[in-house]
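Step one of this worksheet: look at the structure below.
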Amino acid sequence: MLRYIEVMAKLKSIEREDIIAHSAVDQTDFLSTFTNSLKPNGILEIGTYNGISTAVLASIAKHVYTFDIAYRDAELILNLFDLRYKVSMCAAPQQQIDFEFYCLHNCWAGYWKDWLNFDFAFVDGDHTYEAVKHDFSLVKFTGRVLFHDVNFEPIKKFAIDELGAKVISKDGRFGYWHN
């Protein structure tokens, strides 16, 4: 399980202050502790960005399938923490991501059921109301969804106000929904 101190030490060792500045490294311990408490088998993540949260999730689950509309530094980060082998990545336009989810849920599930046993999702993609609602529609079948940045009004409006997710972190950044 990756912790803040280990993440910071590795990032400083490769001198990537830009990744530190543009990620939520300070929230690593909460994400790690909460996710570990759920004991997920497989995790779907929307919003890979630079791969910090992906690495944290991969340090806990058997497999992470992460999606983003752009390719950034995730490959570097996953290799840095020696977790690349546990992660499948899709960096593609939204239409392709939607198709990948369709295949995950409908096509591949029968053939690779053991490998595709996703029982948790982390949503940290586009921060518009419509995008968060759409992202949730893709991952709700997991039964457990953690939303990041629920203190932003568009995310709060959907995840907390409409869906009924509960704010679960002291800083008000994480909301959790389960059925």
All heavy atoms of A58 vs all of K86, minimum pair found to be O-NZ, 2.6 Å

Determine whether V132 and F141 fall in the same hydrophobic cluster, where Ile, Leu, Val, Met, Phe, Trp and Tyr are linked whenever their side-chain heavy atoms lie under 4.5 Å apart.
yes

Distance, nearest 0.5 Å, that separates OG of S169 from CG of L146:
8.5 Å

May I ask you to check whether Y176 and F34 place their ring centres under 6.0 Å from each other?
yes

So do T33 and R3 actually touch side chain to side chain, heavy atoms under 4.5 Å?
yes

Does CD1 in I69 sit with more than 12 non-hydrogen atoms of other residues, nucleotides or ligands closer than 6.0 Å?
no

Between K157 and I160, is any pair of side-chain heavy atoms under 4.5 Å apart?
no

Distance col, row I155:CD1 vs T128:OG1, nearest 0.5 angstrom, shows 8.5 Å

G47 to S53 - nearest heavy-atom pair and separation:
O-OG, 4.4 Å

Report the C-alpha distance between D73 and R16 in whole Å, list the side-chain angles of each, state the deciding distance to 0.1 Å, and finish with yes or no for salt bridge (charged side-chain N to carboxylate O under 4.0 Å, His left out).
CA-CA 10 Å; D73 290 315; R16 289 299 303 267; 2.8 Å; yes

Separation between CG of D18 and OG of S23, rounded to the nearest 0.5 Å:
9.0 Å

Minimal non-hydrogen separation, M1 against S59, with atom names
CA-OG, 3.5 Å

May I ask you to check whether F101 and F67 place their ring centers less than 6.0 Å from one another?
yes

Would a 4.5 Å heavy-atom cut-off, applied to side chains only, mark P154 and E130 as touching?
no

I'd like to know whether V123 forms a side chain to side chain contact (heavy atoms under 4.5 Å, CB included) with V139, so could you lay out the CA-CA distance, the side-chain angles of the two residues, the decisive distance to 0.1 Å, and finally the verdict.
CA-CA 9 Å; V123 174; V139 301; 3.9 Å; yes

Any side-chain heavy atom of H63 within less than 4.5 Å of one from S88?
yes

Quick one: does T54's side chain get under 4.5 Å of I77's, heavy atoms only?
no

Under 3.5 Å: donor-acceptor pair, side chain of D119, backbone of N41
yes

In Å, rounded to the nearest 0.5 Å, how long is the span from CD of E100 to CD of Q95?
12.0 Å

May I ask whether L31 and F81 are part of the same hydrophobic cluster, defined by side-chain heavy atoms of I, L, V, M, F, W, Y residues being less than 4.5 angstrom apart, directly or through others?
yes

Under a 4.5 Å side-chain heavy-atom rule over Ile, Leu, Val, Met, Phe, Trp and Tyr, are L2 and V87 clustered together?
yes

Over 12 foreign heavy atoms within 6.0 Å of NZ, K10
yes

Rounded to the nearest 0.5 Å, what separation is found between the CG atom of L38 and the CD1 atom of I43?
8.5 Å

Is it the case that more than 12 heavy atoms not belonging to Y71 sit under 6.0 Å from its OH atom?
yes

Check whether any side-chain heavy atom of N151 sits under 4.5 Å from a side-chain heavy atom of K156, and report yes or no.
no

Just so I know, are the side chains of D124 and I46 near enough to count as touching, which here means a heavy-atom distance under 4.5 Å?
no

Distance-only polar pair, side chains of D126 and H134, donor-acceptor under 3.5 Å
no

Do I168 and F30 come within less than 4.5 Å of each other through their side chains, counting heavy atoms only?
yes

Does the ring-ring contact (aromatic ring centres under 6.0 Å, His included) test come out yes or no for F147 and F174, once each step is laid out?
CA-CA 6 Å; F147 294 91; F174 291 91; over 10 Å; no

Check whether F158 and V150 end up in the same hydrophobic cluster, where Ile, Leu, Val, Met, Phe, Trp and Tyr are linked by side-chain heavy atoms less than 4.5 Å apart.
yes

Passes side chain to side chain contact (heavy atoms under 4.5 Å, CB included), L76 versus I14? Steps please.
CA-CA 10 Å; L76 168 75; I14 62 167; 4.0 Å; yes

Gap between atom CG of L163 and atom CH2 of W177 - 0.5 Å precision:
6.5 Å

M89 and Y65 have their tightest heavy-atom pair at C-CE2, 4.5 Å

Y129 and E153 side chains, donor-acceptor separation under 3.5 Å
no

Is there a path of hydrophobic side-chain contacts, each under 4.5 Å between heavy atoms, that joins V145 and V64?
no

Compare every heavy atom of D68 with every heavy atom of I97, then report the nearest pair and how far apart it is.
CD1-O, 3.5 Å

Residue D82 excluded, over 12 heavy atoms near CG under 6.0 Å:
no

Report yes or no: does N36 contribute a side-chain atom to a donor-acceptor pair with the main-chain N or O of S32 at less than 3.5 Å?
no

What one should report as the nearest heavy-atom pair of Y4 and V25 is CD1-O, 3.2 Å

